[in-house]
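One structure is given here, and the rest of the page talks about it.
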Amino acid sequence: MTLRKENAYRLLLLLVLSIAFKGALSQINPGQTPSTFSTNPNGVTSDTTAVDSTLSNHSDKPAIIPYIQQATLLWNKLDTLVQQDSQLLLNHRYSPENRSVQPLLNLGVYGGPAIKLKSNTLNFGLRSGILLNDVASINPDNFLFRKVGQAFTQFDYSQGAGGYVGLEALHSQNFSPTWNVSIDYRSVLNEDMYVGANQDNLGRNLGIGSRFISENGRYEQQLILSWNRNRRVENGGLQTDSLFYGPLDSDITAFQQRTFGFYYPNLTEASSFTSKTHHQLKHRYFLDTQKSLSAYHIWNFHNDRRTYSDEAMNRDFYTLPVLFDTTETLDSISFKHGSQELGIEYNRDKLHLGLGLDFQYGGFRYQNDTQIQRELAFRSTGMNANIILFNTIADWTQINYSRYFGGYLDKNQKISFTSSNKLSDSFDLQIGLDHQKSSPTIFQNYFLSNFYDFKGNLNEGHTIISNQLNASIHYKNGRLKLSSSISIGNRNGEIGFIQQATPSIIGDFRFVEGNVNARLKGQHWMFVSSLAFHKNNATEVTNLGIPVLYPRLGLSYQNDAFQKALSYRLGIDLSYTSSYANWEYRPEMGQFILHNDRALLGNYPLFDAYLSGRIQTVDFFLKFEHLNEWWLIPGMNYRYESSLAYPIQPFRFRFGFSWKFWN
């Protein structure tokens with residue numbers, strides 16, 4: 001008898017849990033419970049080295065789970081110690097997308113193209129605009145180091161119906177008291193989400209980071225390498241979707257059970273490959289022994305690529321004639337770009353000043369089959385000034401100004417003001433003000449393929465202007481934890497794909513968005529909730545296709561069993577997305593198009609139930625997702641999709657575990 005791959009995975013998981021559970025019964029003493037941790041372990045208030053000396057002498061596992069440190073803030077000497085989940089709060093949500101409290105638009109399967117349904121923060125400098133699953137990508141801008149006392153390894157694994165397999169492997173180690181190396185690898189595979197749907201997907205992400213400080217402290221370095229890959233069999237959405245929704249005879253006035261039929265994909269021989277490589281090197285050298293004056297250098301390299309092919313073109317789906325004579329489609333686009341920044345910094349007492357020159361350069365190429373159709377080069381030069389005023393390591397104010405001269409980024413500028421204040425032991429406040437003037441992405445200005453040529457659709461020298469006021473608060477008192485943020489701003493000249501697959505300029509609009517998060521923990525019961533909201537007055541499409549509300553609620557019960565060798569949690573999760581305008585994914589260009597003339601999406605809840613637990617260093621979960629798939633709920637949308645013709649995950653059982661090792 002042949003052992004199927006998914007059954008082999010399940011047997012392996014059962015073996016792992018069995019071994020861990022037996023070891024727990026024999027090794028954990030009665031009365032010993034999993035620790036909970038403060039946000040300030042061992043009195044650490046700042047991080048000026050890669051590891052705190054109080055954590056380096058453990059012969060057994062450390063007293064704390066490694067703390068997360070954001071690479072971008074570490075470079076500016078700002079306190080970034082962030083506690084990892086130590087109370088089984090989120091392990092049952094394991095997937096890169098599900099970690100976010102923001103509403104997401106995706107193609108039904110984890111790892112597929114996805115974007116956040118919120119007002120996107122503009123990125124500065126040359127940008128390709130080639131879409132990848134940025135929600136799950138690893139790059140120097142979001143890379144996380146870990147504060148560890150000894151080598152630390154963690155494996156996160158999950159598996160579910162539809163051929164879903166998710167894996168994350170993390171390793172962090174100090175090769176010396178001031179040299180930390182962290183490696184983060186992720187893989188998400190969906191082989192057969194819907195039987196015959198032709199929607200296979202494979203996403204892989206790898207990040208390697210090194211943070212080094214010399215023994216005398218005069219040389220500091222951050223080196224971060226990242227690779228993100230996404231391979232996808234494109235089905236173009238579902239041609240008929242009765243399998244998922246069934247006929248609806250009348251308005252829903254009472255709960256009804258779904259009826260199911262058949263469906264067909266729009267495309268049968270299409271596939272895409274997208275990759276984003278981003279490497280970054282930051283280093284500085286202090287010119288004096290007092291470490292008040294330093295010279296720094298920052299290098300960035302990007303290589304963004306996308307390939308799309310279709311051997312059996314469905315003219316009913318593409319509708320547009322091809323630009324080049326072909327019986328099949330093969331598009332290949334690449335954009336390589338980099339930057340070099342050189343500057344000096346002055347640090348004295350509670351003042352940090354920095355001034356640098358930035359050189360941006362890039363090259364864009366489109367190749368059809370074996371013939372190069374377009375090849376362009378870009379250059380711009382800019383300056384950057386940075387000021388940080390410290391009161392304490394937790395109280396600081398930062399002012400940043402950047403401006404480019406000449407080339408593609410001519411007259412682009414950014415001004416930002418951020419102030420972080422620790423008002424008390426339980427109350428933190430942060431406020432910020434941002435102004436930005438940016439050029440369109442290379443994709444929006446110069447995209448060329450078998451189907452589309454964007455060159456000339458936008459005004460020469462067009463810029464996007466964004467103004468935004470931000471505020472956030474964090475409050476913690478005993479068993480209650482609250483956080484909230486709000487952003488108010490306006491956008492002028494924003495570019496989007498509205499009603500058609502060519503970029504268009506959106507009229508000026510104002511917006512307000514934010515979120516509220518709460519957690520109340522009792523002895524055994526815990527209540528968690530979050531609410532994200534967004535509202536704008538854009539006229540092209542209702543709320544620019546962004547749902548106004550996205551609430552999420554969770555209720556759980558936690559206790560111990562087997563003489564406290566096992567901590568377990570029983571819980572339910574309920575999320576809801578309010579109505580929003582229709583989004584359509586176009587695989588031939590790898591972008592979402594926003595429509596206002598089709599049935600609204602959203603107005604649909606998701607209900608999950610789970611069991612999670614901890615045995616020694618193994619956290620695990622068993623989860624039933626989308627329990628409400630079969631039922632039509634009065635007043636709710638009976639279609640479960642977040643983009644046109646791509647149903648979200650149907651009901652399924654999923655399990656997974658997180659295993660931590662201290663070597």
Side-chain angles (χ1 to χ4, degrees), residues 44 46-53 55-56 66-82 125 138-152 170-185 206-227 277-303 337-348 352-360 384-386 388 390 393 396 398 400 402:
V44 177
S46 65
D47 179 48
T48 56
T49 62
V51 61
D52 189 84
S53 60
L55 305 179
S56 60
Y67 272 61
I68 297 171
Q69 299 178 302
Q70 299 179 25
T72 53
L73 294 181
L74 273 176
W75 181 252
N76 287 325
K77 304 292 186 182
L78 302 177
D79 189 16
T80 63
L81 289 175
V82 179
I138 301 173
N139 57 68
D141 296 326
N142 63 20
F143 190 82
L144 301 174
F145 287 100
R146 264 72 177 181
K147 194 176 188 68
V148 296
Q150 56 185 281
F152 172 76
L170 165 72
H171 180 76
S172 184
Q173 182 172 348
N174 294 316
F175 290 93
S176 74
T178 58
W179 182 21
N180 176 263
V181 174
S182 293
I183 303 174
D184 198 348
Y185 170 80
L206 174 64
I208 302 175
S210 168
R211 181 165 181 261
F212 173 76
I213 303 175
S214 64
E215 290 186 6
N216 60 11
R218 293 182 64 176
Y219 177 74
E220 297 180 9
Q221 180 194 89
Q222 276 190 11
L223 175 63
I224 300 173
L225 311 174
S226 66
W227 299 265
T277 299
H278 184 183
H279 303 324
Q280 182 183 85
L281 171 65
K282 291 182 177 180
H283 53 155
R284 61 163 63 99
Y285 181 77
F286 290 96
L287 303 176
D288 58 343
T289 56
Q290 292 79 23
K291 295 194 290 187
S292 60
L293 185 64
S294 62
Y296 72 89
H297 170 237
I298 300 176
W299 167 81
N300 282 279
F301 171 76
H302 303 252
N303 186 7
H337 58 115
S339 66
Q340 302 270 0
E341 183 176 349
L342 300 170
I344 58 174
E345 295 175 314
Y346 175 77
N347 296 275
R348 192 68 176 179
H352 169 90
L353 298 175
L355 181 64
L357 292 177
D358 186 25
F359 306 92
Q360 297 262 347
N384 181 67
N386 192 38
I388 304 178
F390 294 94
I393 195 64
W396 49 267
Q398 182 175 14
N400 180 267
S402 299

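Nothing here was measured: the structure is a model prediction, and the numbers come from that model. Quick note: residue numbers are just sequence positions, from 1.
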**Message:** Looking at L293, is its backbone amide N or carbonyl O close enough to the side chain of D288 to form a donor-acceptor pair, meaning the two atoms are under 3.5 Å apart?
**Reply:** yes

**Asked** Parallel, tilted or perpendicular: which describes the rings of F143 and F145, with under 30° parallel and over 60° perpendicular?
**Response** perpendicular

**Message:** To check you understand the geometry: which heavy-atom pair defines the closest contact between A71 and Q222, and what is its length?
**Reply:** O-NE2, 3.1 Å

**Asked** Does R218 reach the main-chain N or O of F286 with its side chain, forming a donor-acceptor pair under 3.5 Å?
**Response** yes

**Fill in**
Between S402 and N384, the two heavy atoms sitting closest are OG-OD1, 2.6 Å

**Message:** A side-chain contact here means heavy atoms from C-beta on lying under 4.5 Å apart; do Y346 and L355 qualify?
**Reply:** no

**Prompt:** Of all heavy-atom pairs between I68 and R146, which one has the smallest distance, and what is that distance?
**Reply:** CG1-NE, 4.3 Å

**Asked** E220 and Y296: side-chain hydrogen bond (donor to acceptor under 3.5 Å, both in side chains), yes or no, with the steps?
**Response** CA-CA 9 Å; E220 297 180 9; Y296 72 89; over 6 Å; no

**Request:** Check the angle between the aromatic planes of H279 and W227 and answer parallel, tilted or perpendicular using the 30° and 60° thresholds.
**Result:** perpendicular

**Request:** Give, for atom CG of L206 and atom CD1 of I208, the distance between the pair rounded to the nearest 0.5 Å.
**Result:** 4.5 Å

**Message:** I'd like to check R284 versus W75 (side-chain heavy atoms, cut-off strictly below 4.5 Å). Are they in contact?
**Reply:** yes

**Prompt:** Given side chains that start at C-beta, do those of S182 and D184 come closer than 4.5 Å, heavy atoms only?
**Reply:** no

**Prompt:** In a check of side-chain hydrogen bond (donor to acceptor under 3.5 Å, both in side chains) between H278 and each of D141, N139, N300, which one passes?
**Reply:** N300

**Request:** Please assess Q360 against D358 for the test side-chain hydrogen bond (donor to acceptor under 3.5 Å, both in side chains), listing each intermediate value before the final yes or no.
**Result:** CA-CA 7 Å; Q360 297 262 347; D358 186 25; 3.2 Å; yes

**Message:** Is it the case that atom CD in Q290 sees more than 12 heavy atoms from other parts of the structure closer than 6.0 Å?
**Reply:** yes

**Message:** Quick check on I344: does its CD1 atom have over 12 non-hydrogen neighbours (other residues, nucleotides or ligands) under 6.0 Å away?
**Reply:** no

**Asked** With a 4.5 Å heavy-atom cut-off, do N180 and V148 have their side chains touching?
**Response** yes

**Item:** Spacing of CD belonging to Q221 relative to CG belonging to L281, to within rounding of 0.5 Å
**Value:** 5.5 Å

**Request:** Could you pull out the closest heavy-atom pair between V181 and W179, with the gap in Å?
**Result:** CG2-NE1, 3.6 Å

